[in-house]
Each structure stands twice: as structure tokens, then as C-alpha cells.
Amino acid sequence: MIEKLIIQNLQKAIKELYNHDVANNLLQVQKTRTEFVGDITIVVFPLLKISRSNPEQTATAIGDYMIKHVDDIEDYNIIKGFLNLSISDNYWKDFFVNNKSNKYFGSKEVDDNNPVVIEYSSPNTNKPLHLGHIRNNLLGWSVAEILKNNGTNVKKVNLVNDRGIHICKSMLAWKLWGNNTTPESENIKGDKFVGDYYVLFDKNNKEQIAKLVSNGVDKDEASKNTDLLKEAKSMLVKWERDDSEIRDLWTKMNSWVYSGMNATYERMGVDFNKIYYESDTYLLGKSLVEEGLTKGIFFKKEDGSVWCDLTDEGLDEKLLLRADGTSVYMTQDLGTAQLRYDDYTPSELVYVVGNEQNYHFDVLKIILKKLGKSWAEHITHLSYGMVELPHGKMKSREGTVVDADDLMDEMYNTAKSTSEELGKFNDISKEEAHNLYNMLSLGALKYFILKVDPRKTMTFNPEESIDFNGNTGPFIQYTHARIRSVLRKAEEQGLSMDITKEIIPQLDPKEKDLLKLLYEYPVITEQAANAMSPATIAGFAYDLAKEYNQFYHDLTILKEEDPNHRSFRIALSAFVATTLKSAMGLLGISVPERM
RNA sequence: GGUCCAGUAGCUCAGCUGGAUAGAGCAGCAGCCUUCUAAGCUGCGGGUCACAGGUUCGAGUCCUGUCUGGAUCACCA
């Protein structure tokens, strides 16, 4: 790392020149902006207080010192208070030969420390996955991958919400109107099959509400008192009592849902180390509430309900147990957090959950801290914004949901028709073409979603997202395919890409730009891991692909006259290809050999 | 009303712990396929970084206030 070397020498320089120690925050070393000459820039403004002279004099003194003491610094120039240092070709060449065939370039070996546990997906079993889940799943999976790549031991877990009134609604609707049909008999994916009954319940329930209202019942009152809802509630009670008929039905319907959801997960390319089921864990947490009561952290109201007073933290009072002693969401989550801790003693507990639950997680952390759980400090809520559609919001109640499978189908079809229009895959087998359409459509979708900062609510425009131009997954995939094509042809022609530092010619600016970008990859992956940000990786991959495309268009790599130069450019291309592949892999996007 | 988050080109988004003339893509216009894949490349136009103050050598970035949008403050999960 040349930056470190420069910082060390900068410290020494200031000591020698001005006889002064400097605080680290005054040592500002950054890469030089492309429009200026040089590679690394030292900002001298902060040092003026120490040097007690003007920016030019200070920069000149430091620049001279650097040239004298750091071998790889050849030259410098000064613009205002910026000292731009030029690094020798030699340094870049060394970097290139040392890393070009390093399989682990930009990644670290996974340690066996306490794992980071990352929970994501967390579906309900009454509805298929939709666009919001896609963002969740892609984020969770990618963040896990980025952390692993950075040497962190990671466990991916999923908490399936498989019980509750919503499941009972689907169950009841199927019992009433399902006529013993099954997903197989109707030839429908299991999760959709069950979801359809949930919708059917809702539709009929609304009719019953309307009827009650027209009979003069208050609307709130009516929505709580339909026959359907009462029946569903009684099913829930029976479920909790372990009623065998209800339990059997529940098991059957959930199994349909799982087979459907697993297919969607598989298609999306996400997976888990462990799946938790709420039916197993929903009673946890009550003992924590007891603990809090005895410690005097929680209090009981007259009706018997248990609360935690958070007004000191600027929040409200939070209910933890209902008057009838049953638990609420927070109680369960306290319990599952404890369970997660007991199972893994994680170094960090990450929840990928939408930002509508920010408050919930603030409260969760505070309560755990009050209970004396020091590990609550290590809970991270990886909060992401809602996915909106051009015309409205993405909420399941409002009926404008985009189903995850449908969306992937749509992307697939567009990939197919676009490719056919361009006459891309005329000469390959149907099966190969199918794989490519899959790769491209998923690449487009994943890249489009992951390139956006998770915190922001994003607009998903299905039409624009399938635009394969510009800053998109397919653009990067295309770049990779072209490089692979060059490499194939080089191999066919028996061209050498075996290269040593000695035979690399002088670097031209384009080559240097590419090398500088590649050089950043290890730093980028580390940054991305610290910030848990796939968007950082996506930005890098795009920059690299774009830079390579410009390089590619300026040159005819295979026809280069100087064999050394040709070998170097081929090898450089190969280095770019593997780096692109690795970066895209962190986003869960595979990259084709040809397209 | 309280709390949290966001506001950057017509649109979708970048902008690392404060640094140089705020960047891409899309859309628009103009060029480039006898040369390794044109899903590409090159050029042009497009901005009071919501607004107003402040902090300092220097602010899209930090602080305060205002405006706008969203989320949340349930004995729902």
C-alpha cells in the first residue's frame, strides 16, 4: 500500500522539516483526481499552521522530501494547496505481476471468530414474495457475501413467520371454498395457491363488513366482528391448543408455501444457514419479561399488562405482555434475539428489515440493554427503504404488488426478446440461450436494486429497469463477455499472456487508469464490508467496466505489433475480467463467457 | 404533535472520514460498424446541491432553523 508509505514519510518529513509532530487527521492523502497529473495527492492546507509558510513553499518542501525518500515517487506538481505525487511505472508493474493471477485478489480468508449473524427475508407464509422482499433478499445475501469476502465468519438465518391470524385466514378460506384442491391439482405454485386464498378471505370479509355497516354497525366495530374473522380467530385459538385437525391443515398449507418459496429463493440465488420458525419461538421472551419484572425494569398495569417505560429515552411506553398474558411482537423479538445469541454468540447481529421498523429496533436495543445484555450494542438494523412504483406505493394492501416470480418472468422475457432483436444467440443451443436469458435478466434486476443506497426509498420502474443500456448489470456482463472473447481468440492464435515485469513496456495513460482502478479493488471490498454496502461494489464494477470499454475501443489488442505490449494488454484484460467476475459475484450476479 | 429518514440535471441515481471546475446513466441532438462483439464508443446541451443562516483556509458533505416528502409513535406482525 503506497498510501501508507506516503503517510509515514509525510510524518517524518514534517518532523524533519519543521520539527513538529502531527495529528493523523491533518495528514490527508487521497488519490489524485483524474483531470490532474499525478496519482496520489497530499492536501497541504492543514499543514500550514505547522509550516508557517505559504502552500507552495510547504508543498515544495514536502515534495522534494518525498522524491528523495520514497523510491516509487518520481515527480510532483503543485496546484494551489494540493501536492500531486506521481508514482513510477515500476510500482504499477509490480502491483500487476504480483496480483494478476492471484485467485484471492481483493478477498481475505474467512476467520473462525464468532460469526456475524445476519437475518434476512423473514417472509410470512400467507403470501408469495413480492418486490419488497426482493430488495430484502438481495441485500441480505449480498451483504453476507461481502462480509465473507472480507474475512468475516457469517451465518445467514431466516425467521419464517409461519403462525398467526394471517395463516388462519388462508386456512379458513381454503376450508370453505377450496374443495380439497391442491397446488398440484390446480397446477399453481404452492405459495401463490395459499396466497390466493388469503385474498379470497379478504374479499369475502370485506363484503361481510360492508353488510354490517349497511345495517348500521360502526365501521371499526364491524371490521372486528365479521363471522369470518371470528372463525379465523377461533382457529388460531385451536392452533395454540394444539388441536390436531387444525395443526394438520396448518402443516399441509405451510408445506405448500415452502415448496413455492424455496423455488423462488433458488431462482433468486439466495440461501440460509439456518431457518427459524416463529411457531417454535413465539413463546420465547416471556421469561425475559419475568426477568425484567423482578429486576424492576418493567412494570405491571392494573389490568395485568406489562410495560416498559422508555420516556427517559424520549420514547413512549412499550407494551410487552397483554393483559391476558399473551406476547406481542416485541416480546417475541426479545426472545428470538436471546435465542440467536445463545445459538451463535455472534460478534454482530444484523437484521435486514424495512425502515418502517426503525422504531421497533430502537426499542428492542434499549430494552435489551436495560436487561443488562451487553451484546445489544452489537445489534445492527440494516434498514432499507420502500420500493415504490412509478404510480404508487408497494404495499400489499393496496393491491399494486409486483410478485417476485412474475417480475423475474418479465425480466426473462425482455432479455429474450432484446437478445433476439439484436440477433445475439442465434448460433447456440436452446438450453444455453435459456441460461443466458436467465443470467441477464437476473443480472439486470439485481444490479438495478443493489446499486441504490439501501436507506433510500427507490423507484422501481419495470420498463426502465429492463433497459439494458448504461449503468446496468448487462452492460457489465457484456464487458466481461467481450474480454473473454478476446482471451479465447488470443488462445486460439497461440498468443502469449505470460508476462513478467521486465517485459512490460512503458505504460500509457489508459493502461495506467485501468491498473489504478484494479489497485483499488481490495480497498473497495473492505470499505463495502465496513459499510455493509453492496452499492459500493456495484459502483466499482461499473467504473471498471466503463474504463475497460474505453480502453477496448481505443486499441486493437490482438493486433498490437509489439508482442510484449500485446501480451501485457491481454494479461491486463484477463485481470479485469477476473476482477469484474469477483465483484459481480458479491452481488450475486454471474457473468457470461459470451453474449 | 413527538421521533427518525430523505430532498443533488427533465427522469433514475453516484459523490469515501469536509478538499481542486459537483459526476454517471436514461431521455434529446450530432457523429462512429471492410479493424478483437455497436447491449458499445465519441462529442454537445442540461445544476442557486430544497431554502436561510452559521462553523473555517475550504461546505453537496458538519451545526441550527425553515419548507417539502416518507416512515413511525397499535393489547397488528
Side-chain angles (χ1 to χ4, degrees), chain A residues 25 28 30-33 35-36 41 43 45-46 48-49 55 79-82 84 122 124 161 163-166 278 282 301 303 305-307 313-324 326-330 332-333 354-360 362-363 383 385-386 388 390 393 415 418-419 421-422 424 440 444 448 451-453 455-461 464-465 467-472 474-475 477-479 481-490 493 523-524 527 530-531 533 535-536 538-539 542-543 546 549-550 552-560 569-570 573 594-595:
Chain A
N25 59 4
Q28 295 193 31
Q30 54 198 242
K31 57 179 183 177
T32 303
R33 296 180 58 144
E35 58 271 30
F36 299 101
T41 295
V43 185
F45 287 115
L48 299 181
K49 280 179 200 153
I79 297 170
K80 297 187 204 166
F82 299 91
N84 301 322
S122 316
N124 289 351
N161 183 10
R163 64 135 235 133
I165 189 72
H166 45 293
E278 227 171 76
Y282 79 105
K301 287 196 178 172
D303 62 0
S305 56
V306 179
W307 298 73
E313 276 80 10
L315 305 173
D316 297 326
E317 291 180 348
K318 184 73 193 173
L319 177 80
L320 295 172
L321 278 183
R322 296 190 185 97
D324 62 7
T326 55
S327 57
V328 292
Y329 180 41
M330 181 58 73
Q332 295 180 38
D333 253 17
N355 62 9
E356 70 272 12
Q357 292 196 33
N358 286 354
Y359 179 77
H360 173 78
D362 287 347
V363 172
S383 160
M386 215 188 312
E388 289 180 353
K393 313 239 176 62
T418 308
S419 303
E421 265 170 44
L422 292 164
K424 278 284 174 182
L440 291 171
F448 189 90
K451 75 174 178 182
V452 181
D453 179 349
R455 287 173 306 168
K456 290 190 173 172
T457 52
M458 64 177 292
T459 307
F460 183 83
N461 184 330
E464 275 179 27
S465 75
D467 190 347
F468 290 82
N469 295 310
N471 186 357
T472 63
F475 168 75
Q477 291 172 313
Y478 175 60
T479 306
R482 282 212 296 212
I483 300 175
R484 297 299 306 166
S485 172
V486 167
L487 298 177
R488 271 195 306 276
K489 292 199 167 142
Q493 295 172 28
V523 181
I524 294 282
Q527 270 177 16
N530 291 336
S533 160
T536 304
Y542 178 65
D543 285 347
K546 199 178 152 125
N549 262 291
Q550 290 166 4
Y552 180 95
H553 277 272
D554 284 354
L555 308 163
T556 47
I557 297 164
L558 297 176
K559 301 204 167 136
E560 177 67 44
R569 283 180 174 156
I570 294 170
S573 298
R594 67 189 80 225
M595 68 180 269

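Naming convention: chains lettered A, B, ... in sequence-line order (proteins, then strands); numbering from 1 in each chain. All values below were derived from every heavy atom in this structure, side-chain atoms included, with hydrogens, water molecules and symmetry-related copies excluded.
Both tests do not hold together for A/Lys318 against A/Trp307: distance to the six-membered ring centre under 6.0 Å, angle to the ring axis within 45°.
Minimum atom distance to the side chain of A/Phe448 is reached by B/rU12, of the listed B/rA20, B/rA38, B/rU12. Considering only the side chain of A/Gln527, B/rC16 comes nearest among B/rG40, B/rC16, B/rA77. Nearest nucleotide to the A/Val486 side chain, out of B/rC41, B/rC75, B/rC36: B/rC36. Of the listed nucleotides (B/rC57, B/rA77, B/rC36), B/rA77 has the atom at the smallest distance from the side chain of A/Gln332. Out of B/rC41, B/rU12, B/rA77, the shortest distance to the side chain of A/His553 is found at B/rC41. Distances from the side chain of A/Ile79 to the nucleotides B/rG19, B/rA20, B/rU37 place B/rA20 closest.
Separation of the P atoms belonging to B/rC62 and B/rA20 is 16 Å when rounded to the nearest angstrom. Comparing the same atom, C1', in B/rU12 and in B/rG31 gives a spacing of 26 Å after rounding to whole Å. Between the P atoms of B/rC29 and B/rU34, the separation comes to 24 Å (whole Å). Atom name C1', nucleotides B/rG47 and B/rA38: the rounded distance is 32 Å, in whole Å. Going from the P atom of B/rG15 to that of B/rU55 covers 29 Å, rounded to whole Å. Taking the P atoms as reference points, B/rA9 lies 15 Å from B/rG60, given to the whole Å. Rounded to the nearest Å, the gap between the P atom of B/rG28 and that of B/rC11 is 16 Å. B/rG65 and B/rC26 are spaced 37 Å apart, taking the C1' atom of each and rounding to whole Å.
Across the protein-nucleic acid pair, A/Lys301 atom NZ and B/rA74 atom P stand 11 Å apart, rounded to whole Å. In this structure, A/Leu558 places its CG atom 4 Å from C1' of B/rC36, rounding to the nearest Å. If you measure from atom CD1 of A/Ile165 to atom P of B/rC76, you get 11 Å, rounded to the nearest angstrom. One atom, CE of A/Met330, and another, P of B/rU72, lie 14 Å apart when rounded to the nearest Å. Rounded to an integer number of Å, the gap from CG of A/Asp554 to P of B/rC32 is 18 Å. The CG atom of A/Leu48 sits 13 Å away from the C1' atom of B/rG19 (whole-angstrom rounding). Between the CG atom of A/Asp543 and the C1' atom of B/rA24 there is a distance of 9 Å, rounded to whole Å. Summarising the geometry, the separation between CD on A/Gln357 and P on B/rA77 is reported as 12 Å, rounded to the nearest angstrom.
Under the side chain to side chain donor-acceptor pair (under 3.5 Å) criterion, A/Asn471 pairs with A/Tyr447, not counting sequence neighbours. Taking A/Thr457 as the reference, nothing meets the side chain to side chain donor-acceptor pair (under 3.5 Å) condition, with sequence neighbours excluded. The ring pair (Phe, Tyr, Trp, His ring centres under 6.0 Å) check on A/Phe82 picks up A/Phe45, with sequence neighbours excluded.
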Practice task
Kindly determine whether A/Lys301 and A/Asp303 satisfy salt bridge (charged side-chain N to carboxylate O under 4.0 Å, His left out), including the steps that lead there.
Solution key: CA-CA 5 Å; A/Lys301 287 196 178 172; A/Asp303 62 0; over 6 Å; no
Exercise for the section: Would you please test A/Ser305 and A/Leu321 for side chain to side chain contact (heavy atoms under 4.5 Å, CB included) and show each step? Expected result: CA-CA 5 Å; A/Ser305 56; A/Leu321 278 183; over 6 Å; no
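Residue contacts for A/Ala535: at a heavy-atom cut-off of 4.0 Å it reaches no nucleic acid atom on any strand shown. Residue contacts for A/Phe82: at a heavy-atom cut-off of 4.0 Å it reaches a base atom on one of the strands shown. In this structure, A/Gln477 reaches neither bases nor backbone, as no heavy-atom distance under 4.0 Å exists between it and the strands shown. Within the 4.0 angstrom heavy-atom criterion, only backbone atoms of the sugar-phosphate kind lie near A/Lys559; the bases stay farther away. Nucleic acid contact for A/Thr41: base, since at least one base atom lies under 4.0 Å from a heavy atom of the residue. Backbone-only engagement by A/Asp453 is indicated by non-hydrogen atom pairs under 4.0 Å involving sugar-phosphate atoms exclusively. Heavy atoms of A/Ser305 sit under 4.0 angstrom from at least one base atom. Among the protein residues, A/Met458 comes within range of the sugar-phosphate backbone only, with heavy atoms under 4.0 Å from sugar or phosphate atoms but none that close to a base. When heavy atoms are screened at a 4.0 angstrom cut-off, A/Val452 is found touching the sugar-phosphate backbone but no base atom. Contacts of A/Asn84 with the nucleic acid, taken as non-hydrogen atoms under 4.0 Å apart, include base atoms. Counting non-hydrogen atoms under 4.0 angstrom, A/Ser419 reaches a base of the nucleic acid. Heavy atoms of A/Pro46 sit under 4.0 angstrom from at least one base atom.
Of the charged side-chain nitrogens involved, none lies within less than 4.0 Å of a carboxylate oxygen, so that A/Asp324 and A/Arg322 do not count as a salt-bridged pair.
In this structure, A/His360 NE2 and A/Asn358 CG are separated by 11.0 Å, a value rounded to the nearest 0.5 Å. Considering CZ of A/Arg594 and CZ of A/Arg488, their distance stands at 4.0 Å, rounded to 0.5 Å.
Syn is the glycosidic conformation of B/rC33, whose angle stays within 90° of 0.
Nearest-nucleotide positions on RNA chain B place A/Glu35 closer to the 5' end than the other of A/Glu317 and A/Glu35. Along RNA chain B, the nucleotide nearest to A/Leu555 and the one nearest to A/Asp303 differ in position, and the one closer to the 5' end is contacted by A/Leu555.
Residue A/Arg33 has a polar side-chain atom (N or O) positioned under 4.0 Å from OP1 or OP2 of B/rG23. A sub-4.0 Å separation between OP1 or OP2 of B/rG19 and a side-chain N or O of A/Gln30 is absent. Between B/rA39 and A/Tyr478, a contact under 4.0 Å exists linking OP1 or OP2 to a side-chain N or O. For the OP1/OP2 pair of B/rU37 and a distance below 4.0 Å, the side-chain nitrogens and oxygens of A/Lys489 include at least one atom meeting the criterion. Within the structure, every side-chain polar atom (N or O) of A/Thr556 is placed at least 4.0 Å from both OP1 and OP2 of B/rC36.
Taking the 5.5 Å centre cut-off and the 30° plane limit, the aromatic side chain of A/Phe475 is not classed as stacked on B/rG40.
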Exercise for the section: Summarise protein proximity over nucleotides 2-10 of chain B in one line of letters, 5' to 3': B for base, S for sugar-phosphate only, - for none, counting protein heavy atoms closer than 4.0 Å. Expected result: ----SS---
Problem - Pairing string, 5' to 3', for RNA chain B - Watson-Crick or wobble contacts under 3.5 Å, brackets [ ] where pairs cross, | to another strand - result: (((((((..((((.....[...)))).(((((.......))))).....(((((..]....))))))))))))....
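Within the 3.5 Å criterion, the main-chain N or O of A/Thr536 finds a donor-acceptor partner in the side chain of A/Ser533.
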Could you pull out the protein-nucleic contacts involving nucleotides 25-31 of chain B (nitrogen or oxygen on both sides, under 3.5 Å)?
| from | atom 1 | to | atom 2 | distance (Å) |
| --- | --- | --- | --- | --- |
| B/rG25 | OP1 | A/Lys546 | NZ | 2.8 |
| B/rG25 | O2' | A/Asn471 | N | 3.3 |

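Using a 4.5 Å cut-off on side-chain heavy atoms (C-beta onward), A/Asn161 and A/His166 make contact.
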